[in-house]
*Asks:* 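After the structure tokens below, expect a handful of questions from me.
Throughout, numbering of the chain's residues begins at 1 and tracks the sequence.
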Amino acid sequence: MTVLDIDYVRACFPALSEPALAGQAFFENAGGSYTCRQVIDRLSRFYHQRKVQPYAPYAASHAAGAEMDEARSRLAALMGVEEDELSFGPSTSANTFVLAQAVRGWLKREGGAVVVTDQDHEANSGVWRRLADDGIEVREWRIDPDTGHLDPAGLAQLLGDGRVRLVCFPHCSNVVGEINPVAEICAMARAAGAFTCVDGVSYAPHGLPDMGTLGADIYLFSAYKTYGPHQGLMLIRREVGELLPAQGHWFNAGTLYKRFTPAGPDHAQVAACAGLADYIDALADHHMAGSHRGGPEAGGALPLERGHEGPRAAGLRASPVERAREVHRLMREHEIRLLRPLLDQLARRNDVRLLGPSEAGLRAPTVALALDRPAEQVATALAAHGIMASGGDFYAARPLEAMGVDRALGVLRVSFVHYTSEAEVAQLMLALDAVL
């Protein structure tokens, strides 16, 4: 079976060959990943050639609008949704805030309850909890305080009376790391007459969501944590998107991808998101065609139309969703292989508490450690060994408190993605032995 060509992957990320970063192993990917060359090239081209109001009849404007449309259509196809079911916004926190205002208006009119968890980043927790200020019932689905596990049996109890209209939960927590059974949870919610809102920020960097398999009604994630520009992406199924009251300009209410976008989009960053599709396609072509053509050239081809993609013919025989699934598999298998020795090392220590599962296949490579001293001090010590990591609560105060972690100490978090090398993980392990 094909495995990830790590040399090819790393050649796609300029930061990994940047002299100023030489010897520095990046383990704060859960806070924001490096950006792939395809995105950087598109962003640079847009600012050089197309920084005009899009969708006007002159050439530069036409090219700007076409590239924005390309980003939406190609990414939507990779994730298995209709083109207008993908919205762009300034961040996932902002997108969730706007979405919560729509849900507020809907439930004030229709009634019903919302389920939240105490495993989430605050962005997918606080905005929903504040619905209680308007008399909307908010129910909490609680984690196991020892393991951080979110048991579907607990959700079943909350759904029992049929009053729940929306279930909000993470694909995986940014501190617990466990990958939740999204398809099972979404099926449970739908059977009980509820929609689902999945925070995918901590999972999407490890593989784009396959919406047909997951069954989520709403899925949100951040491009800047998924090798791209600072944008939040929201996938919202037509059924729920047209049911909720629009939050944008009244004259845009008839366009699904504009219904929950109160302000004008960042044209350049939306256009640059097409570089994410370029990158996924490049990985698919390189691996699915069975031929390694070497690292990508700087700049490279920047296609604006799917019909003019040169050497991609072999990979294009697969559907966009199939290509994304294969890239997802490659990413996850590489990450799991690198994560196992790190987890084994931590399991041998009795002076740290690992949050979440100790089995690599059950979690994302986002590893949070509770220590007996301030985590930020340990992160500072790691920096002297060339490890870029951080300590704190990472906007996950509720799961940390639920698990009995002292927020004043915080947790040390080390996180990586598929471009991380085996040598970098070895460097991290040596550094941990030195400072813990």
Side-chain angles (χ1 to χ4, degrees), residues 72 75-87 92 95-96 99-100 102-103 106 112-117 119-121 124 128 139 141 149-160 162-173 178-222 226 232-244 256-257 259-260 280 319-329 331-332 361-364:
R72 180 175 293 102
L75 286 171
L78 287 168
M79 294 181 284
V81 298
E82 296 297 322
E83 182 175 339
D84 63 348
E85 292 179 323
L86 170 58
S87 301
T92 294
N95 286 347
T96 310
L99 182 66
V103 170
W106 171 52
V114 172
V115 169
V116 299
T117 85
Q119 194 191 58
D120 277 279
H121 183 288
N124 199 41
W128 304 116
R139 302 178 181 181
W141 179 14
H149 177 63
L150 199 56
D151 189 346
L155 175 61
Q157 296 177 6
L158 298 175
L159 295 173
R163 293 196 68 252
V164 173
R165 294 292 173 264
L166 182 67
V167 178
C168 306
F169 68 98
H171 198 149
C172 71
S173 162
E178 181 173 9
I179 300 169
N180 292 316
V182 174
E184 176 187 350
I185 294 167
C186 290
M188 288 175 60
R190 184 164 290 278
F195 294 116
T196 48
C197 177
V198 182
D199 179 356
V201 170
S202 293
Y203 188 82
H206 314 292
L208 293 181
D210 176 352
M211 292 292 283
T213 298
L214 295 178
D217 296 296
I218 304 167
Y219 192 102
L220 304 107
F221 68 99
S222 298
T226 314
L233 279 68
M234 180 169 68
L235 306 168
I236 183 163
R237 291 293 193 182
R238 192 174 316 280
E239 179 185 4
V240 62
E242 294 182 346
L243 178 67
L244 297 176
L256 181 55
Y257 71 84
R259 284 177 66 83
F260 308 103
I280 297 298
S319 72
V321 169
E322 290 169 335
R323 293 161 64 77
R325 284 176 185 160
E326 174 63 7
V327 170
H328 187 172
R329 179 192 69 79
M331 290 178 174
R332 284 293 293 146
L362 298 179
R363 63 178 302 141

*Asks:* Which pairs, with at least one residue in residues 192-202 and sequence neighbours excluded, count as a side-chain hydrogen bond (donor to acceptor under 3.5 Å, both in side chains)?
*Replies:*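 Of all non-adjacent pairs touching residues 192-202, those that pass side-chain hydrogen bond (donor to acceptor under 3.5 Å, both in side chains) are T196-D217.
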
*Asks:* Does any part of the side chain of R165, heavy atoms only, come nearer than 4.5 Å to the side chain of F195, both counted from C-beta?
*Replies:*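 No, their side chains stay 4.5 Å or more apart.
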
*Asks:* To the closest 0.5 Å, what do you measure between OG1 (T117) and CH2 (W141)?
*Replies:*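 With rounding to 0.5 Å, OG1 (T117) is 7.5 Å from CH2 (W141).
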
*Asks:* Working to the nearest 0.5 Å, report the span between CG of L233 and OG1 of T226.
*Replies:*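 OG1 of T226 is found 8.0 Å from CG of L233.
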
*Asks:* Decide yes or no for M331 and V327: does some side-chain heavy atom of the first lie under 4.5 Å from some side-chain heavy atom of the second?
*Replies:*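 Side-chain contact under 4.5 Å: yes.
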
*Asks:* Just by modelled atom types, is the S87 backbone N or O under 3.5 Å from a matching donor or acceptor in the R72 side chain?
*Replies:*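 No; zero donor-acceptor contacts below 3.5 Å.
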
*Asks:* May I ask you to test the V198-L214 pair for a side-chain heavy-atom distance under 4.5 Å?
*Replies:*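 In short, these two side chains do not touch, never coming nearer than 4.5 Å.
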
*Asks:* Mind listing the closest non-hydrogen atom pair of V114 and C168 along with its distance?
*Replies:*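 Heavy atoms of V114 and C168 come nearest at CG1-SG, 4.2 Å.
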
*Asks:* Are the side chains of L235 and M79 in contact, using a 4.5 Å heavy-atom criterion?
*Replies:*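 The answer is yes, as the side chains (C-beta and beyond) meet within the 4.5 Å cut-off.
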
*Asks:* What's the spacing between I218 CD1 and E85 CD if we round to 0.5 Å?
*Replies:*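 Rounded to the nearest 0.5 Å, the CD1-CD separation comes to 11.5 Å.
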
*Asks:* For residues V116 and V167, determine if any side-chain heavy atom of one lies less than 4.5 Å from a side-chain heavy atom of the other.
*Replies:*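 No - every pair of side-chain heavy atoms lies 4.5 Å or more apart.
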
*Asks:* Using side-chain contact (heavy atoms from CB on, under 4.5 Å), reason through D210 and H328 one step at a time and then give a plain yes or no.
*Replies:* CA-CA 9 Å; D210 176 352; H328 187 172; 6.0 Å; no

*Asks:* Nearest 0.5 Å please: distance from the NE2 atom of H206 over to the CD1 atom of I179.
*Replies:*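 Reported value, rounded in 0.5 Å steps: 8.0 Å.
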
*Asks:* Using a 3.5 Å distance criterion without hydrogens, assess whether the side chain of E178 forms a donor-acceptor pair with backbone atoms of R363.
*Replies:*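 Checked: no pair found.
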
*Asks:* Please report the closest heavy-atom contact between A183 and T213, naming both atoms and the distance.
*Replies:*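 Reported closest heavy-atom pair: CB-O, 3.6 Å.
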
*Asks:* side-chain contact (heavy atoms from CB on, under 4.5 Å) for L220 and V201? Distances and angles first, verdict last.
*Replies:* CA-CA 7 Å; L220 304 107; V201 170; 5.7 Å; no

*Asks:* If the threshold is 4.0 Å, N to carboxylate O, is there a salt bridge linking D84 and R238?
*Replies:*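 Yes, this pair counts.
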
*Asks:* With sequence neighbours excluded, tell me which residues meet ring-ring contact (aromatic ring centres under 6.0 Å, His included) with H171.
*Replies:*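 Testing H171 for ring-ring contact (aromatic ring centres under 6.0 Å, His included), a comparison that skips the adjacent residues, returns Y203, Y219.
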
*Asks:* Find out whether E322 and L78 are in side-chain contact, i.e. whether some heavy atom of one side chain is under 4.5 Å from a heavy atom of the other.
*Replies:*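 The answer is no, as the side chains (C-beta and beyond) never meet within the 4.5 Å cut-off.
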
*Asks:* Are V321 and M211 packed together at the side-chain level, in the sense that at least one heavy-atom pair is separated by less than 4.5 angstrom?
*Replies:*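 With C-beta onward as the side chain, the pair stays apart.
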
*Asks:* State whether the number of non-hydrogen atoms from other residues, nucleotides or ligands found under 6.0 Å of E82 atom CD is greater than 12.
*Replies:*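 No, because the 6.0 Å sphere around CD of E82 holds 12 heavy atoms or fewer from other groups.
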
*Asks:* Tell me whether S173 contacts the main-chain N or O of Q119 through its side chain, where contact means a donor paired with an acceptor under 3.5 Å.
*Replies:*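 Such a contact is found between S173 side chain and Q119 backbone.
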
*Asks:* For the backbone of P170 and the side chain of N180, can you confirm whether one donor and one acceptor N or O come within less than 3.5 Å of each other?
*Replies:*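 Checked: pair present.
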
*Asks:* In Å and rounded to the nearest 0.5 Å, what is the CD1 to CZ distance from I236 to F260?
*Replies:*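 Here the rounded value is 4.0 Å.
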
*Asks:* What is the minimum heavy-atom distance between P320 and A77, and which atoms define it?
*Replies:*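 Taking P320 first and A77 second, the nearest heavy atoms are CB-O, 3.5 Å.
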
*Asks:* Measure the shortest side-chain to side-chain distance between L155 and V115 over non-hydrogen atoms and say whether it is less than 4.5 angstrom.
*Replies:*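 A side-chain contact under 4.5 Å exists here.
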
*Asks:* Identify the heavy atoms of A100 and W128 that sit nearest to each other, and give their distance.
*Replies:*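 Looks like CA-CZ3, 3.5 Å.
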
*Asks:* What is the distance from atom CE of M234 to atom OG of S222, rounded to the nearest 0.5 Å?
*Replies:*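 It comes to 12.5 Å.
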
